[in-house]
Amino acid sequence: MRFGVVIFPGSNCDRDCIHVLGSVLRQDVVELWHGKATVDGVDCVVLPGGFAYGDYLRAGAIAATAPVINAVREFATSGGAVIGICNGFQILLEAGLLPGAMLRNDVLQFRCRDVRMRVESTRTPFTSGLRVGQVLRMPIAHGEGNFYAPAPMLDAMEQAGQIVFRYCDAAGAVAAEANPNGAARSIAGISNQQGNVLGLMPHPERASEAILGSTHGRLLFQSAIGWIEGRRSSVVAVR
Amino acid sequence: MRVSTTHDPRPTTDGLKSVGLTPAEYDEIVVRLGRVPNPLELQLFGVMWSEHCGYKHSRLTLAMLPMDGPRLVEGPGENAGVVDIGGGWAVAFKMESHNHPSAVDPYNGAATGVGGIIRDVLSMGARPIALLDSLRFGPLDEPGPRAQAAGVVGGIAGYGNCIGVPTVGGELFSDPAYRGNPLVNVACLGLVRRDGIARSRAAGAGNSVIYAGARTGRDGIGGAAFASEELDDRSRREDRSAVQLGDPFAGKLLIEATLEALATGHVVAIQDMGAAGLTCATSEMAARGGVGMAIDLDEVPLRETSMRPDEILRSESQERMLLVVRRGFEHAVMAIFHRWGLQGRVIGAIIDVPELRIGWRGNTVAAIPPYALAEAPAYRPAASEPVGLLERWALDEAALPDMDGHQALLRLLASPDVASKRAVYQQYDHSVQVRTVLPPGAADAAVLRVLEAPPKGIALAVDGNGRYAALDPYRGARLAVAEAAAGLACVGAVPLGLTDCLNFGNPEDPEVFWTFRQAVSGIADACRALRIPVVGGNVSFYNESPDGPIPPTPVVAMVGLLDDVARTRTPAFEAARSTIVLLGRADGRLAGGLFLTELHGLTRGRPDDVDFGPHSRLLAVTREAVANGWLASAHDCADGGIAVTLAECAIAGGVGADITLPDSGPVDAALFGEAPSRIVVSLADEHLPALRDLAAAAGVPLHVLGRTGGDRLRITLSGRRVVDAPITELAQAHDALTKVFA
Amino acid sequence: MATVRIIVTLKQGVLDAQGQAVRQGLRALGYGAVHDVKVGRYVELTVPDTYPPEEIRELCDRLLANPLIEEWRLEGASEPASKRASHSGRPRSEARSPKPEAWGLH
Amino acid sequence: MATVRIIVTLKQGVLDAQGQAVRQGLRALGYGAVHDVKVGRYVELTVPDTYPPEEIRELCDRLLANPLIEEWRLEGASEPASKRASHSGRPRSEARSPKPEAWGLH
Ligand SMILES: Nc1ncnc2c1ncn2[C@@H]1O[C@H](COP(=O)(O)OP(=O)(O)O)[C@@H](O)[C@H]1O
Ligand SMILES: [Mg+2]
């Protein structure tokens with residue numbers, strides 16, 4: 001399996017993703033430079049966290065203009081698996097690959113802490129190996145994670161099964177106290193309509209080794225590996 | 001001599017003062033140059049001989065510090081100290097203050113403090129992997145200090161989070177004495193291959209001098225001089241270019257580009273442009289290498305047009321580095337900076353003549369032997385013991401009214417010194433880089449794994465107790481070192497080295513200087529006793545406000561090593577019932593303690609000294625017990641004494657305890673008395689005999705205090721229940737800072 | 001060279017947490033009479049004298065403002081220049097998704 | 001109720017990292033003809049009709065703008081209203097409550 005981790009100027013979780021995919025999960029990983037309009041034939045594209053272009057203007061806005069985004073868009077259109085983590089999620093929103101927008105945390109401060117989120121949809125490559133209702137624990141680290149979309153758009157997204165994760169408490173209950181940033185309907189992660197593009201605020205790569213306190217993040221990457229393998233073998237079968 | 005020197009008469013004393021020099025220093029300059037300096041040269045001497053750059057008043061005193069050790073690779077003299085951690089890797093670390101800029105502009109002052117210390121570590125070729133912040137503010141229930149605190153924390157978060165370096169620990173104290181002059185000390189640690197350490201010694205005539213990073217503007221001109229003055233109302237209000245503005249985005253690009261450039265092997269020497277900017281970087285690099293340097297100011301990338309030579313030379317624009325690159329490889333190196341969207345430009349060359357030669361518009365505008373600039377004269381200021389110190393040591397404990405143990409405990413837990421700092425560190429990204437095994441708030445020291453050399457771990461602790469140092473700077477400094485070492489032992493780490501930040505008032509005040517000298521000798525003696533080097537540090541003088549000087553505030557950051565990062569411990573009691581044990585002395589004393597200050601409004605008495613023989617043995621026993629996996633928890637007993645320590649263990653684990661304290665003296669002292677060399681551990685009964693044997697063999701006293709369990713903290717003394725509180729109530733009190741930072 | 005001054009604000013109904021915080025800060029300083037605060041962004045562009053106004057409109061829609069949450073106007077104008085209808089210009093699609101369909105919602 | 005519209009910008013010569021980044025973004029989208037970009041803040045206050053103008057000036061100096069690096073003006077005004085002279089009053093550190101930057105989340 002070949003993963004491509006996109007590097008924007010100001011990305012700062014690129015090395016973490018490469019570590020988890022390469023050293024922990026033993027997959028091939030290549031770096032995709034923001035200035036090149038190619039995804040280099042990878043099986044899965046990862047847009048890592050950080051502060052691309054300093055998050056100036058709006059988080060993700062300037063990064064969304066980078067040449068590599070056009071290649072990511074094409075890759076996504078052809079059904080490829082794309083995950084945007086934190087800043088990567090913000091970039092996908094600004095690039096129009098995912099619906100909605102990100103506002104500043106309602107607390108108006110950066111928040112770094114562990115959260116729990118409930119799996120709401122298993123349609124995405126990254127949740128294909130999980131169960132709906134499963135509770136995952138992993139860290140957040142962001143200042144702008146307050147997901148927003150107008151109510152009709154949110155309704156349509158719910159209908160279409162595009163809500164993938166919601167912040168919840170230890171028991172899996174979605175409650176206001178468990179929502180760290182004021183996100184609409186406690187949304188922690190969403191997908192596009194086809195389900196192949198996922199964006200989420202929490203950091204699965206920071207929760208992929210027991211020594212760091214949680215291994216739930218690994219489940220997302222492992223799901224994607226399974227999904228891609230399945231997709232490959234079905235392609236082979238058709239041939 | 002091609003420099004145009006107007007043979008002006010000697011400048012007036014006032015004229016010299018305006019560039020920060022004395023008449024005697026002027027005479028010294030004339031001697032070193034063998035001629036009269038021109039006005040530009042005089043300004044360069046002014047910034048380089050400022051206290052901030054030249055360490056005029058501290059250098060001779062700092063020589064007391066032990067700066068050697070078996071693992072030391074680079075000590076003071078380079079941009080950061082470097083210590084070997086084995087496995088082909090080393091760590092570079094350093095601490096620095098940004099007190100004055102943070103007083104004037106809390107957000108930007110603190111943010112540029114982070115940027116500055118990061119680049120010191122980067123200059124060693126190390127990738128920055130951790131930050132620590134040590135903060136002091138006025139009373140946090142007042143709007144002014146509160147706003148300062150919010151701004152400073154926001155600034156550290158703003159810069160550190162963006163560049164992707166986790167802030168893994170720190171300190172926060174509040175005292176009226178810091179109302180006019182808050183302290184912002186930031187430490188950074190970086191990781192570097194043992195054979196990839198970069199240095200600042202320029203070498204090789206014909207090699208090129210390359211400017212890299214952001215452009216030069218009029219920011220922070222005179223910043224070094226600014227840091228060497230007292231703060232008054234004017235400097236707070238006035239629009240000063242002395243304030244620097246950071247761009248963390250450029251800072252992040254600079255980290256990546258610099259490490260990539262160093263990896264090419266073409267870089268001979270490198271240094272950041274920090275205080276005194278280009279002047280400092282060029283003169284220090286040339287002086288350290290014993291070579292000369294010719295710089296063409298017309299090649300310096302400017303942000304503003306028509307900057308004067310003195311402005312270009314003294315600008316403290318952020319996010320800039322100076323590199324010496326092997327001739328013929330300039331383009332390879334510059335291309336890396338360009339690819340990251342940064343400036344990269346040849347601005348000069350190394351020359352044979354030991355001269356720093358500055359050209360501008362076709363003329364040589366300054367020509368100075370680098371050492372003459374880089375080695376400021378050193379003074380031995382007068383020192384005298386502060387009047388009234390002995391009187392403040394007097395304390396009649398018997399005259400103090402009795403306190404209710406339960407209520408006193410709640411108040412101590414809620415005091416800013418003890419309260420949970422979650423409201424602060426949740427604003428810092430502390431998990432980026434996937435190394436953080438024990439994040440801020442988890443233990444007495446932060447623990448990071450070394451991904452590059454598993455299963456090693458690095459531990460970091462920063463300590464400084466203003467109360468102790470105010471009452472006895474020598475003991476206060478020793479206590480800070482002892483506490484940092486104890487923190488490392490509790491997480492199972494062996495200390496490797498220390499960096500310090502010495503925050504004091506005006507050194508020309510003999511009483512202030514006396515406290516400085518006492519503190520330095522306290523750190524020196526303590527480090528010798530622990531056999532660790534002081535790898536570098538920073539002195540911040542002139543921390544004064546209209547209310548007078550700050551209390552002497554030596555802060556130390558200690559770095560330790562774990563052989564196996566998985567074998568570490570936290571203070572948290574575990575649910576499984578275990579035995580709670582106090583290792584070390586049983587008695588605490590109220591003198592100089594938080595209890596007196598917080599509940600009686602008294603900062604009095606003489607804090608106990610550390611006896612480093614028993615202290616070292618206590619730490620060795622603790623480390624071994626952690627490494628052997630015997631302990632469920634370990635926590636250093638510090639501010640607020642044993643009652644606060646036990647409460648912290650209980651809150652952290654969400655598990656209560658039943659305690660019977662050894663009978664000793666009055667209730668308040670037994671509960672809240674402080675003393676060095678005390679560690680509270682808990683462990684399963686099966687390991688107790690082994691711990692007893694180990695402690696006995698080392699001569700470390702061991703007292704069984706009770707057992708964990710339940711949801712209340714109960715403390716009995718002389719048959720009387722003196723504390724009986726639900727953990728939830730304690731936790732609520734402990735959370736007092738949340739509303740301060742909301 | 002000409003200067004174009006653009007003001008970007010959050011749309012009605014989008015939570016302006018920053019504005020609320022400023023209001024609180026003002027209240028703490030004794031300016032309680034300030035009834036409401038909104039915080040936005042100001043962008044000043046230096047462009048050639050002959051720069052076509054449509055380009056300005058376009059770059060505002062495509063980059064300077066996010067039409068889902070923000071609207072923009074030129075300084076001095078009383079009406080937002082960005083309206084749902086006004087996204088007609090050049091479609092945002094090249095850089096960003098223009099229409100609900102591209103949000104993946106149909 | 002009256003609306004007061006305030007524009008806060010960085011002083012001449014102060015590093016405008018955000019403006020530089022926006023310019024880069026515009027260039028990537030093909031708006032290379034935009035010569036220069038400056039980014040500031042816009043604040044809209046709703047105040048009673050009789051609100052004294054001195055109060056506006058004061059609260060701008062004390063809270064809305066950081067007088068060390070920023071200047072402010074009313075929308076439509078061509079001159080900054082904040083001048084050196086206006087920074088008197090109480091020292092900043094006490095006078096100002098949360099700094100504008102502290103609301104920022106970068
Ligand atoms: N308190 C101290 N203890 C030990 N060394 C110190 C101390 N203060 C400064 N030094 C050393 O003196 C040198 C100059 O320090 P400094 O001017 O802070 O470095 P920089 O120029 O990188 O800012 C450094 O090598 C530093 O480590
Ligand atoms: Mg330095």
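Numbers restart at 1 for each chain; the letters A, B, ... are given by sequence-line order, proteins then strands.
Nearest heavy-atom pair across C:Leu63 and D:Val22 is CD2-O, 4.2 Å. Taking both residues in full, the closest heavy atoms of D:Pro48 and C:Ala33 are given as CD-O, 3.4 Å, listed atom of the first, atom of the second, then distance. Closest of all the heavy-atom pairs between D:Arg41 and C:Tyr42 is O-CB, 3.9 Å.
Heavy atoms of C:Thr3 lying under 4.5 Å from chain D are absent altogether. Proximity to chain C (any heavy atom under 4.5 Å) is shown, for D:Leu59, by both the backbone and the side chain. For C:Ile7, the part lying near chain D is the side chain, with the backbone staying farther off; criterion is any non-hydrogen pair under 4.5 Å. When heavy atoms are compared at a cutoff of 4.5 Å, C:Leu64 approaches chain D solely by way of its side chain, counted from C-beta outward.
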Would you please test D:Val43 and C:Lys38 for side-chain contact (heavy atoms from CB on, under 4.5 Å) and show each step? CA-CA 6 Å; D:Val43 185; C:Lys38 284 186 184 144; over 6 Å; no
Trace of the side-chain contact (heavy atoms from CB on, under 4.5 Å) decision for D:Val47 with C:Tyr31: CA-CA 10 Å; D:Val47 295; C:Tyr31 303 99; over 6 Å; no
Derivation of the side-chain contact (heavy atoms from CB on, under 4.5 Å) call for C:Thr46 and D:Val37: CA-CA 6 Å; C:Thr46 309; D:Val37 181; over 6 Å; no
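Within the 4.5 Å cutoff, side-chain heavy atoms of C:Leu45 are placed close to those of D:Leu26.
Shown here are the side-chain hydrogen bond (donor to acceptor under 3.5 Å, both in side chains) partners of D:Arg23, two or more places apart in sequence or in another chain: there are none.
Under a 3.5 Å cut-off, the side chain of C:Glu75 and the backbone N or O of D:Gly76 do form a donor-acceptor pair.
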